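Okay, so here's the structure we're looking at.
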Amino acid sequence: MSYWLLKSEPDEFSIQDLRLKKTERWDGVRNYQARNFIEQMQPGDLAFFYHSSCKTIGIAGVMSIASHAYPDPLAVDKSSPYFDEQSLQKNRWLAIDMQYKTTFKHVLKLANIKALALNDERLLDLKLIQKGNRLSVMPISNEQWQCLMEACVPN
DNA sequence: GCCAACGTTGGC
DNA sequence: GCCAACGTTGGC
């Protein structure tokens with residue numbers, strides 16, 4: 001089993017939205033590196049739901065991967081902002097289904113994660129806090145997952 | 001709203 | 001294949 005972190009702007013789609021939907025398609029990823037990580041995901045894998053570009057930036061909770069990756073229907077949907085002309089020939093983008101698991105009592109804030117990393121070498125190579133990182137989908141190591149779960153307040 | 005950092009595009 | 005220009009991400 002593998003661990004992941006996926007970013008979403010809560011104004012667009014938040015962990016509260018996923019909680020209500022229970023299961024939802026994670027689509028619109030338009031970055032090759034992120035796509036390749038989606039390709040590696042397996043049903044049952046766990047992922048942090050990260051809220052980006054918002055008031056309280058950080059890890060809001062946990063979800064599980066609920067399917068294998070499949071072609072992203074938005075890539076060939078001309079009415080979608082995620083439409084991709086090149087994908088009409090061959091759909092080059094992937095989507096995957098995510099299932100709601102838990103919401104943390106408090107968002108584990110980015111600033112707190114950075115502070116943790118100063119004292120915990122397990123977080124040293126966490127992609128999330130590396131300078132200039134913009135990946136919206138990234139792997140999380142076993143140790144990093146444990147470390148971050150220890151730091152959060154579960155519900 | 002600003003801007004650093006990055007990814008993509010396209011001319012050459 | 002190089003690289004300048006451009007668009008996007010995302011923290012602050």
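Residue numbering restarts at 1 for every chain, and letters A, B, ... go by the order of the sequence lines. This structure is a prediction, so every number in the text was calculated from the model and none was measured.
The local environment of CD in A/Gln146 is crowded, with over 12 non-hydrogen atoms from other residues, nucleotides or ligands closer than 6.0 Å.
Under the ring pair (Phe, Tyr, Trp, His ring centres under 6.0 Å) test applied with A/Phe48, the options A/Tyr3, A/Trp145, A/Trp4 reduce to a single match, A/Trp145.
Using a 4.0 Å cut-off between charged side-chain N and carboxylate O, A/Arg92 and A/Asp84 make a salt bridge.
Its side chain within the 4.5 Å cluster rule, A/Tyr32 clusters with A/Trp93 among the Ile, Leu, Val, Met, Phe, Trp and Tyr residues. Grouping Ile, Leu, Val, Met, Phe, Trp and Tyr by side-chain contacts under 4.5 Å, direct or through others, puts A/Leu74 with A/Tyr82.
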Encode nucleotides 3-12 of chain C as B, S and - characters from 5' to 3', where the letter depends on protein heavy atoms closer than 4.0 Å: B to the base, S only to sugar-phosphate, - to neither. ----BBBBSS
